[in-house]
Amino acid sequence: MTDQAADTAVDQACRMLRLPSIRTQFNDLVETATRDQMSYRAFLAELLLVECDDRARRRSERRIRAAGFPRDKSLRAFDFDANPNIDPAVVNTLANCDWVKKGTPLCLIGDSGTGKSHLLIALGTEAAMRGYRVKYTLATKLVNELVEAADEKVLAKTIARYGRVDLLCIDELGYMELDKRGAELLFQVLTEREEKNSVAIASNEAFSGWSNTFPEPRLCAAIVDRLTFGGQIIETGTDSYRLTRTAALNNTVSTTAQASMAQQPAFTDAQQSLETVL
């Protein structure tokens, strides 16, 4: 069989067996194997590893898309120096996702702009990359979906769907007051997941202020219990990183503008001197 015939046969076989990575990288891998004088066994292993690695990458990408994150956030991009309240060692330990495996909760509590949502999305992304099924939602969006499901007589199905994912990330819990019905429906989701699958929440309210979100005291206490029992609580503080960064940028722009204005007379004087010489 000629090399051209062999290449055609490999291409057709890869299409039939659904091995897109081997098909697209085959010629490069052949050149590498020839240059490095690989054995047939090593070459076959290299081909299979390329396909396995690419399939794992595509599965991770699908899980991340299915999670519904509103934007890309990573732990690498998180500025721990800007928020000394957050211990990098604790966050890096959480990135191992043992807490997701155990089904324990995570609470991120702090004011707006302190990195809660960034950490929530980044840790959810880490979980998806490690093979866990993740779903992200805003608290109000989740409650509205549950109310609609109850009205349409499909509540049990909706709760079961949210109960199946390995990690449910609920953002912006505490930003808006929930009526009794909405709070009760949210409680049903939390109960469905209790001690089985993890819930991670981000809230701008300390637990002492959750009565503003859940006006019924007993229900409020039950929800706090579901979200804290055996879990991890990270307090991100009160100093807004976004406000600090914006102020710093404004100061930089102002300083630059002032420096430019201070240099302007010197430039004018030099220009006048040049015009005099000419």
Side-chain angles (χ1 to χ4, degrees), residues 67-70 85-86 90 94 99-100 102-121 123-124 127 134-240:
F69 297 119
N85 295 296
I86 301 173
V90 172
L94 290 171
W99 60 285
V100 180
K102 295 175 182 177
T104 56
L106 169 66
C107 296
L108 300 163
I109 309 295
D111 283 0
S112 296
T114 56
K116 304 183 305 299
S117 293
H118 187 137
L119 288 177
L120 184 68
I121 295 171
L123 289 171
V134 181
K135 181 63 179 176
Y136 170 96
T137 184
L138 299 177
T140 51
K141 181 179 178 181
L142 173 58
V143 170
N144 288 338
E145 183 178 350
L146 293 172
V147 170
E148 291 178 4
D151 292 340
E152 296 172 4
K153 311 300 183 184
V154 291
L155 179 61
K157 183 178 179 180
T158 303
I159 290 177
R161 175 161 51 83
Y162 277 105
R164 282 193 296 269
V165 295
D166 301 305
L167 172 61
L168 177 60
C169 300
I170 305 176
D171 205 355
E172 297 186 0
L173 184 64
Y175 280 76
M176 296 183 65
E177 179 181 334
L178 301 179
D179 61 20
K180 183 179 179 181
R181 186 188 185 199
E184 289 175 345
L185 292 173
L186 177 60
F187 179 72
Q188 288 186 51
V189 172
L190 299 179
T191 300
E192 177 72 16
R193 301 183 59 80
E194 185 181 13
E195 296 187 31
K196 294 186 296 184
N197 294 316
S198 292
V199 176
I201 65 101
S203 176
N204 68 321
E205 281 278 6
F207 293 119
S208 58
W210 278 30
S211 57
N212 297 323
T213 302
F214 308 104
E216 207 285 309
R218 294 181 63 183
L219 184 58
C220 179
I223 288 175
V224 171
D225 178 72
R226 294 291 189 278
L227 291 174
T228 57
F229 180 72
Q232 179 84 42
I233 301 171
I234 296 179
E235 296 183 1
T236 60
T238 58
D239 296 329
S240 172

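Along the sequence shown, residues carry numbers from 1.
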Value for CD1 (Ile86) from OG1 (Thr114), rounded to nearest 0.5 Å, stands at 6.5 Å
Name all pairs fulfilling the side-chain hydrogen bond (donor to acceptor under 3.5 Å, both in side chains) condition that reach into residues 174-194, sequence neighbours left out, sorted by first residue then second. Ser112-Tyr175, Asp151-Arg181, Glu194-Arg226
Taking side-chain contact (heavy atoms from CB on, under 4.5 Å) as the definition, give me every residue that meets it alongside Phe229, ordered by chain and number, with sequence neighbours left out. Glu195
Heavy-atom nearest pair, Leu167 first then Gly124, reads CD2-CA, 4.0 Å
Just do the side-chain contact (heavy atoms from CB on, under 4.5 Å) check on Leu120 and Ile201 with the steps written out, would you? CA-CA 7 Å; Leu120 184 68; Ile201 65 101; over 6 Å; no
Shortest non-hydrogen contact from Leu178 toward Ala183: CB-N, 4.3 Å
Residue among Val143, Leu142, Leu155 satisfying side-chain contact (heavy atoms from CB on, under 4.5 Å) with Leu185: Leu155
Could you give me the CA-CA distance, side-chain angles and deciding distance for Leu94 and Ile234, then say whether side-chain contact (heavy atoms from CB on, under 4.5 Å) is met? CA-CA 11 Å; Leu94 290 171; Ile234 296 179; 3.5 Å; yes
For Ser198 against Trp99, the heavy-atom pair lying closest together: OG-O, 3.0 Å
Can you list the steps and then say if Leu146 with Ile159 is a side-chain contact (heavy atoms from CB on, under 4.5 Å)? CA-CA 8 Å; Leu146 293 172; Ile159 290 177; 4.2 Å; yes
Tightest non-hydrogen contact, residues Tyr162 and Val165, listed as O-CG2, 3.4 Å
Which atom pairs, donor and acceptor, lie under 3.5 Å between side-chain atoms of residues 203-210 and protein residues at least two apart or in another chain?
unit_1: Ser203; atom_1: OG; unit_2: Leu173; atom_2: O; d: 2.6
unit_1: Ser203; atom_1: OG; unit_2: Glu205; atom_2: N; d: 3.1
unit_1: Ser203; atom_1: OG; unit_2: Glu205; atom_2: O; d: 3.3
unit_1: Ser203; atom_1: OG; unit_2: Trp210; atom_2: NE1; d: 3.4
unit_1: Trp210; atom_1: NE1; unit_2: Glu205; atom_2: O; d: 3.0

Test side-chain hydrogen bond (donor to acceptor under 3.5 Å, both in side chains) applied to Thr158 - qualifying residues, sequence neighbours left out: none
For residues 160-169, pull every pair meeting salt bridge (Lys or Arg N to Asp or Glu O under 4.0 Å), keeping only residues two or more places apart or in separate chains. Arg133-Asp166, Glu145-Arg161
Using only atom types and a distance under 3.5 Å, with no angle test, would you say the side chain of Thr137 pairs donor to acceptor with the backbone of Ile170? no
Under 3.5 Å, which donor-acceptor pairs link side chains of residues 215-225 to any protein atom two or more places apart or in another chain?
unit_1: Glu216; atom_1: OE1; unit_2: Arg218; atom_2: N; d: 3.3
unit_1: Glu216; atom_1: OE1; unit_2: Leu219; atom_2: N; d: 2.8

Contact summary for Ala202 and Asp171, nearest pair of heavy atoms: CB-OD1, 3.3 Å
Euclidean distance, Leu227 CG relative to Cys107 SG, rounded to 0.5 Å: 5.0 Å
Non-hydrogen atoms of Val134 and Cys169 that approach each other most closely: CG1-SG, 4.1 Å
Look at the side chain of Lys116 and the backbone N and O of Gly110, then say whether any donor-acceptor pair between them is shorter than 3.5 Å. yes
Heavy-atom count around Lys196 NZ within 6.0 Å, excluding the residue itself: above 12? yes
Does a side-chain heavy-atom distance below 4.5 Å link Pro105 with Leu190? no
Decide yes or no for Thr236 and Asn85: does some side-chain heavy atom of the first lie under 4.5 Å from some side-chain heavy atom of the second? no
